[in-house]
Amino acid sequence: MNVLHIRDLTVRYSVGKKQIRAVEDLNLSVKKGRFVGVVGESGSGKSTLAHTIMRLLPKNAGIIKGKIELFGQDIISMSDDELAKIRWKEFSMVFQRSMNALSPVHKVGVQMSEALTIHDPQMNEEKIRERLESLLSMVNLPVRVLDCYPHQLSGGMMQRVMIALALVNSPKFVILDEATTALDVVTQGQIIEELKILIQKFSLTGMVISHDLGVVAELCDDLAVMYAGRLMEYGNKDEVINKPLHPYTRALVSSLPELSERGGRLYSIPGNLPDLSCEINGCVFANRCQFASDECFKMTPLTVGFENRYVSCLKVGNESCKSCR
């Protein structure tokens, strides 16, 4: 059963007289009990996708077309009042940059309590305290954190607060947007292990937005690769990482450093993202793809099923282009 089903989603930003194509014709589903990792370079549309699902886009952004169904409900067509009843209760999000996401002038306990009482105004102080202390324990934070201001906490502690805050109303779908970014390696590893436990404990379904394939490999079941607002490849995590079909996916995997080898050169993808304010003919990755042919600059590839995968590439499945795989 699909908990999240996105169909033909197109999102654009208005910047002056320009229209930035942040997400284009994206289709993606998340099955119950599974986590999907969404990876890609900065500017590929990952965070825009997350904020669109949460209906938290800035004023200069608009959903041009498409549907987002979550638990069978059309999120896009909901009124603000209807959305307020389920957002943060049935689905929630852990934001990146936890220092900016928390109010600097309110204690942690006040912020977490407010998140509870908005959806359950009748909850008494004793039950609130019990719930918050239980959540802090789950994310390995001492109770004293409730009486602290965000600036009194370390980066890792603030990130743990954000995770607890996202789970305060026991949602069943959670988006983790760069939840381990800007943390030291040790803290990052600890939080990943804690997230694994929480995913099991709360029977969560969700999405992990990250530029780090290592984080996604640890937390996710499936993997979606985005580039320039489009879905390049989608499938089982292990299959996508170990046998990438799209040239962009292969390039991302190749850019990971091999710790077992010494003295080797780090691979980087040549070129830059295309200008998303311009209409792009053909494949959006063609100008950086070593396998691109003339047709790649003229024809926009459809997303097709191939080897238990969904791939947007003219070459995939083409017997005349075995070198591309």
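Everything numeric here is computed off the predicted structure, so don't read it as measured data.
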Next item on the list: Could you give me the CA-CA distance, side-chain angles and deciding distance for L116 and K127, then say whether side chain to side chain contact (heavy atoms under 4.5 Å, CB included) is met?
Entry: CA-CA 10 Å; L116 268 176; K127 288 290 185 182; over 6 Å; no
So does [Y] get a backbone contact from the side chain of [X], meaning a donor-acceptor N/O pair under 3.5 Å?
X	Y	result
N169	P171	no
Q159	T180	no
D25	R230	no
E233	T249	no
H106	P150	no
K172	F202	yes
H151	P104	no
S312	P301	no
R288	G271	yes
T205	K32	no

Check: Does the pair K46 and D177 meet the rule for a salt bridge (Lys or Arg N to Asp or Glu O under 4.0 Å), with working shown?
Finding: CA-CA 9 Å; K46 307 185 301 298; D177 187 7; over 6 Å; no
Less than 4.5 Å apart, side chain to side chain, heavy atoms only: is that true for [X] and [Y]?
X	Y	value
H51	V11	no
V139	L198	yes
V316	V304	no
T303	N27	no
E69	R7	yes
T52	I6	no
L132	V108	no
D120	Q122	yes

Verify same cluster id: [X], [Y] (apolar side-chain graph, 4.5 Å):
X	Y	result
L56	L70	yes
L136	I197	no
M54	L83	yes
V15	L273	yes
Y149	L141	no

Notebook entry, point to check: Does any donor atom in the side chain of Q19 or S14 lie under 3.5 Å from an acceptor atom in the other side chain?
Noted result: yes
Check: Would you say the side chains of D221 and N236 form a donor-acceptor pair under 3.5 Å?
Finding: no
Margin query: Among residues at least two apart in sequence or on other chains, which ones pass salt bridge (charged side-chain N to carboxylate O under 4.0 Å, His left out) with E193?
Written below: K196
Can you measure from [atom1] ([X]) to [atom2] ([Y]) and round to the nearest 0.5 angstrom?
X	Y	atom1	atom2	answer
L9	I68	CG	CD1	5.0 Å
L314	E295	CG	CD	5.0 Å
R309	L245	CZ	CG	4.0 Å
I280	T300	CD1	OG1	9.0 Å
I269	S255	CD1	OG	5.5 Å
I76	R55	CD1	CZ	8.0 Å

Next item on the list: Go through the steps for Y13 and T48 under the test side chain to side chain donor-acceptor pair (under 3.5 Å), then give the verdict.
Entry: CA-CA 10 Å; Y13 291 97; T48 295; 2.8 Å; yes
Margin query: So which atom in S277 and which in I20 form the shortest heavy-atom distance, rounded to 0.1 Å?
Written below: CB-CD1, 3.6 Å
Within a 6.0 Å radius of atom [atom1] on [X], are there more than 12 heavy atoms belonging to other residues, nucleotides or ligands?
X	atom1	value
N242	CG	yes
K89	NZ	no
M123	CE	yes
Y310	OH	no
N124	CG	yes
Q152	CD	yes

Item checked: Derivation and outcome, side chain to side chain contact (heavy atoms under 4.5 Å, CB included), residues I53 and I75 -> CA-CA 7 Å; I53 295 169; I75 298 296; 5.9 Å; no
Note to self: By the salt bridge (charged side-chain N to carboxylate O under 4.0 Å, His left out) test, which pairs, at least two apart or in different chains, include something from residues 150-168?
What the structure shows: R160-E194
Next item on the list: May I have the step-by-step check of side chain to side chain contact (heavy atoms under 4.5 Å, CB included) for L195 and V208, ending in yes or no?
Entry: CA-CA 11 Å; L195 283 169; V208 176; over 6 Å; no
Note to self: In terms of relative ring orientation, are W88 and F95 parallel, tilted or perpendicular, with 30° and 60° separating the classes?
What the structure shows: tilted
Next item on the list: Give the C-alpha distance, both sets of side-chain angles, the deciding distance and a yes or no for side chain to side chain contact (heavy atoms under 4.5 Å, CB included) between L204 and L167.
Entry: CA-CA 10 Å; L204 295 173; L167 298 176; 3.9 Å; yes
Next item on the list: Let me see the working for E218 and K237 under salt bridge (Lys or Arg N to Asp or Glu O under 4.0 Å), right down to the final yes or no.
Entry: CA-CA 10 Å; E218 287 284 340; K237 167 197 69 180; over 6 Å; no
Margin query: Using the salt bridge (charged side-chain N to carboxylate O under 4.0 Å, His left out) definition, which of the options E125, E126, E133 pairs with R129?
Written below: E133
Item checked: Partners passing side chain to side chain donor-acceptor pair (under 3.5 Å) against S170 (at least two apart in sequence or in another chain) -> R131
